[in-house]
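None of these values were measured; they are calculated from a predicted model. Below, read A as the first sequence line, B as the second, and so on, with proteins coming before strands; counting in each chain starts at 1.
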There are 2 protein chains.
Amino acid sequence: MTDFHLDDFMPYQLAVLSSKISREFAELYTDRFGLSVPEWRLVAHLSQTSDPVSVREIFERVDMDKSKVSRAASRLEQRGYVIKSVNPADRRLVELRLSEKGRAMVEELAPLARQYDRQCLEALGEAAPAFREAVRVLLESRRPSGDTQRHG
Amino acid sequence: MTDFHLDDFMPYQLAVLSSKISREFAELYTDRFGLSVPEWRLVAHLSQTSDPVSVREIFERVDMDKSKVSRAASRLEQRGYVIKSVNPADRRLVELRLSEKGRAMVEELAPLARQYDRQCLEALGEAAPAFREAVRVLLESRRPSGDTQRHG
DNA sequence: TTGACTTCGTTGCAATTGCAACGATATTGG
DNA sequence: CCAATATCGTTGCAATTGCAACGAAGTCAA
């Protein structure tokens with residue numbers, strides 16, 4: 001109607017794409033492990049290192065509000081996947097890390113994730129590496145953003 | 001820890017990217033027009049045609065739950081941006097279209113949207129067209145999905 | 001040391017959300 | 001025509017969410 005074309009509009013396209021993909025992938029772990037999306041994200045993040053990670057570090061990188069991270073961590077702790085402890089050097093900080101049970105879950109989940117990822121990239125064929133790179137560039141071009149809350 | 005690399009994992013990367021971009025763009029219309037994200041999406045969709053559109057057509061394309069579309073439509077109707085009417089040929093269907101006021105708002109918003117879009121693509125430089133195309137390919141490679149609800 | 005200020009994670013609360021159930025309408029098969 | 005079934009949009013409700021406010025802990029300057 002106006003010369004604005006929704007189908008070429010990046011925020012819209014990305015939102016639809018990412019929510020579809022996120023939902024589709026979630027089917028692989030929701031039933032099987034009883035994880036919500038924020039819980040999966042937290043677990044995935046913790047699986048990247050053996051060092052303990054603070055709530056702040058997570059919500060900065062993962063674009064989740066800190067309350068979301070905090071609640072996901074509590075639920076995961078209750079279920080035995082995550083261990084919370086107080087950082088002795090700075091007692092404001094909470095240290096999060098995976099328990100043995102948590103690591104075992106990731107061992108099971110990781111192959112599914114890799115497979116899903118591969119499947120996405122197959123659809124792109126040769127364009128896949130360029131796409132990955134483009135996503136990375138876009139992410140870095142966005143300002144690191146403020147100080148407190150992200151949304152989810 | 002395991003050989004799963006979150007930074008290369010598409011669903012995660014896309015989710016972070018899209019939520020950042022969506023939030024960033026939302027700053028342009030939230031204060032100025034008092035629109036929520038779902039409301040903007042509905043308006044944007046309606047701006048693409050002068051024909052009336054049903055709730056179903058929208059939530060199918062826009063990946064929003066139908067209740068979300070329904071509520072966005074009601075709020076927008078109350079505020080005079082959208083006109084709801086019953087389709088006489090099939091009285092189950094609700095016809096949605098922009099009012100004059102709604103069109104005027106889009107006229108104001110469209111340039112902002114185009115500008116934001118351009119700004120995103122600039123970060124990509126030459127890779128921009130390929131990126132757009134890749135997003136489209138990915139979107140089409142995802143199954144059109146079930147029948148009832150989307151999420152948002 | 002003290003007092004002002006900052007940072008961290010949790011929690012209260014209101015708003016938003018997704019899902020299921022519903023009433024209304026339409027379609028289909030007999 | 002009628003009964004069974006399907007589709008559409010709205011709504012009730014419980015769960016999730018974002019935001020602000022908070023207490024606890026740390027930092028800094030005087």
Just how far, in rounded Å, is [atom2] of [N] from [atom1] of [X]?
X	N	atom1	atom2	answer
Phe59(A)	dG9(C)	CZ	P	7 Å
Leu35(A)	dT16(D)	CG	C1'	16 Å
Leu76(B)	dT10(D)	CG	P	12 Å
Gln78(A)	dT10(C)	CD	C1'	14 Å
Arg56(A)	dG26(D)	CZ	C1'	14 Å
Leu93(B)	dA6(D)	CG	P	18 Å
Glu57(B)	dT7(D)	CD	P	16 Å
Leu42(B)	dT10(D)	CG	P	11 Å

#### Entry: Polar side-chain atom of Glu39(A) near backbone of Ser36(A) as donor-acceptor pair, under 3.5 Å
yes

Please determine whether a side-chain nitrogen or oxygen atom of [X] lies at a distance below 4.0 Å from atom OP1 or OP2 of [N].
X	N	value
Arg92(A)	dG9(C)	no
Lys68(A)	dA15(D)	no
Ser70(B)	dT10(D)	yes

Select one nucleotide: of [options], the one nearest the side-chain heavy atoms of [X].
X	options	answer
Pro38(B)	dA25(D), dT17(C), dG9(C)	dT17(C)
Asp65(B)	dC19(D), dC8(D), dC19(C)	dC19(C)
Lys84(B)	dC8(D), dT10(D), dC8(C)	dT10(D)
Val55(B)	dG9(D), dT25(C), dG26(D)	dG9(D)

### Message
Ignoring hydrogens and geometry beyond distance, is the side chain of Arg91(B) in donor-acceptor contact with the base of dT25(C) at under 3.5 Å?
### Response
no

### Task
Assess whether one donor atom and one acceptor atom, taken from the side chain of Arg71(B) and the base of dG18(C), lie less than 3.5 Å apart.
yes

### Query
Under 30°, 30 to 60°, or over 60°: which ring-plane class applies to Phe131(A) and Phe131(B), parallel, tilted or perpendicular?
parallel

### Query
What orientation do Phe9(A) and Phe4(A) show, parallel under 30°, tilted 30 to 60°, or perpendicular over 60°?
perpendicular

### Query
Which sits closer to the 5' end of DNA chain D, Ser67(A) or Ala89(A), going by the nucleotide each is nearest to?
Ser67(A)

### Summary
Comparing Asn87(A) with Arg75(A), nearest DNA chain D nucleotide closer to 5' gives the residue Arg75(A)

### Message
So Ser54(B), base contact, sugar-phosphate only, or nothing? Heavy-atom distance under 4.0 Å.
### Response
sugar-phosphate

### Query
Looking only at heavy atoms, what is the nearest atom pair of Met10(A) and Arg132(B), with distance?
N-NH1, 4.4 Å

### Message
Other residues, nucleotides and ligands only: do more than 12 of their heavy atoms fall within 6.0 Å of CZ on Arg75(A)?
### Response
yes

